[in-house]
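Structure, as structure tokens:
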There are 2 protein chains.
Amino acid sequence: MATKTAAQRREQARIDYDAFLRNCPTNQLLGRLSDKWVSLVVSALYAGPQRYSDIGRRIAGVSPKMLTQTLRTLERDGIVSRTVTPSVPVRVDYELTPLGQSLAGLLTAVKEWAETHFEEVRTAREQYDGENPA
Amino acid sequence: MATKTAAQRREQARIDYDAFLRNCPTNQLLGRLSDKWVSLVVSALYAGPQRYSDIGRRIAGVSPKMLTQTLRTLERDGIVSRTVTPSVPVRVDYELTPLGQSLAGLLTAVKEWAETHFEEVRTAREQYDGENPA
DNA sequence: CAGGATCCCGTCCGATACTG
DNA sequence: CAGTATCGGACGGGATCCTG
């Protein structure tokens, strides 16, 4: 049979739609920006250009792996730029691009919100947990 | 032996420090806010109070599970409030709390940044991929 | 309508060890 | 100093089915 059933057509539509969603560009990008390490790295660089290890020292608890990984994707996305100075030992500096600058203010604001409103969130949690016994 | 070796002391310090980091409150909170679904839900509610299924319809590709899970944690954190109207069928409305309102502007700004600057990021990626062969 | 429960697979990421 | 490589456990989150 060359014709498809309604169920088959619906299934195909669902597959197409899912593929579209996975490729949905802006959602993908938002997913990238919605990353704890991205926020922290970009906020750190907001203070000015810095070396790899300086960034690592500024951000508590980041592993070399995540730091490199985050910096690489940010470089690929045109948000940070990477400059290698071939001395001994090697020196690598990172800084925000103009595009990155435009983002940094926003992410830093979110980070600062987390810092300033943490107490309110904490008390909200306690109240919620009190009202909703385990 | 009651005394500890230097290595043991260092190890203990590392464990304590790790525990501190895991509990580091603001970083934890930032991790929560740095969530794709949180951004989308809060941005959606920024337009005003809405029903569960309305939010689901506004956000492309969200599963009931993630929607509920996200709304629950946001409610627990005092960012959204949940109102049940016991009719038939049941009706549940969500809206931002004042605390949530103060956050929503920031997250919406990030979401809009992703939408407006997507093209720049895309071309940056293409250039990067061209310069850095696989 | 607004979810809860369960299964389960992919990926994230921390720990560890090695290199130019 | 600034990474790279690999392993393995944890967990996010989609699919599916069920309920008040």
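Bear in mind the structure is a predicted one, so any value in this text is a computation, not a measurement. Chain naming here is simple, since letters A, B, ... match the order of the sequence lines and numbering starts at 1 in each.
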Provide, to the nearest angstrom, the distance between the [atom1] atom belonging to [X] and the [atom2] atom belonging to [N].
X	N	atom1	atom2	result
B:Leu67	D:dG14	CG	C1'	14 Å
A:Asn132	C:dG4	CG	P	11 Å
A:Tyr52	D:dC1	OH	P	11 Å
B:Asp93	C:dG3	CG	P	10 Å
B:Asn27	C:dC13	CG	P	13 Å
B:Gln69	D:dG13	CD	P	7 Å
B:Arg72	C:dA5	CZ	P	11 Å
B:Lys36	C:dC12	NZ	C1'	15 Å

Donor-acceptor contact below 3.5 Å, side chain [X] vs main chain [Y]:
X	Y	result
B:Glu131	B:Asp129	no
B:Ser34	A:Ser34	no
A:Glu95	A:Gln50	no

Report task. Quick one: do B:Val92 and B:Arg51 satisfy side chain to side chain contact (heavy atoms under 4.5 Å, CB included)? Show the steps, please. Result -> CA-CA 6 Å; B:Val92 181; B:Arg51 303 181 59 171; over 6 Å; no
**Report entry** 5'-most by nearest nucleotide on DNA chain C - A:Trp37 or A:Pro89
**Finding:**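 Its nearest nucleotide being more 5', the pick is A:Trp37.
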Does a side-chain N or O of [X] approach OP1 or OP2 of [N] to a distance below 4.0 Å, or not?
X	N	result
A:Arg51	D:dC1	no
B:Tyr94	C:dG3	yes
A:Thr68	D:dG3	no
B:Arg82	C:dG3	yes
B:Ser63	D:dG13	no

Nearest to the side chain of [X], heavy atoms from C-beta on, is which of [options]?
X	options	result
A:Arg91	C:dG3, D:dA2, C:dC13	D:dA2
B:Asp35	C:dG4, D:dG3, D:dG13	D:dG13
B:Lys65	C:dC13, D:dG13, C:dA2	D:dG13

Requested in this report: Indicate whether any N or O donor in one side chain lies under 3.5 Å from an N or O acceptor in the other, for A:Tyr94 and A:Thr83.
Outcome: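 There is no such pair (donor and acceptor under 3.5 Å, judged by atom type) between the side chains of A:Tyr94 and A:Thr83.
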Query raised in the report: Between the two end axes of the helix from C:dC1-D:dG20 to C:dG20-D:dC1, each built from 5 base pairs, what angle do you get to the nearest 10°?
Result: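 Angle reported: 60°, given to the nearest ten degrees.
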Query - A:Leu103 vs A:Leu96, side chain to side chain contact (heavy atoms under 4.5 Å, CB included): CA-CA, chis, key distance, verdict - result: CA-CA 9 Å; A:Leu103 174 64; A:Leu96 292 172; over 6 Å; no
Report task. Kindly determine whether B:Thr97 and B:Val80 satisfy side chain to side chain contact (heavy atoms under 4.5 Å, CB included), including the steps that lead there. Result -> CA-CA 5 Å; B:Thr97 63; B:Val80 310; 5.6 Å; no
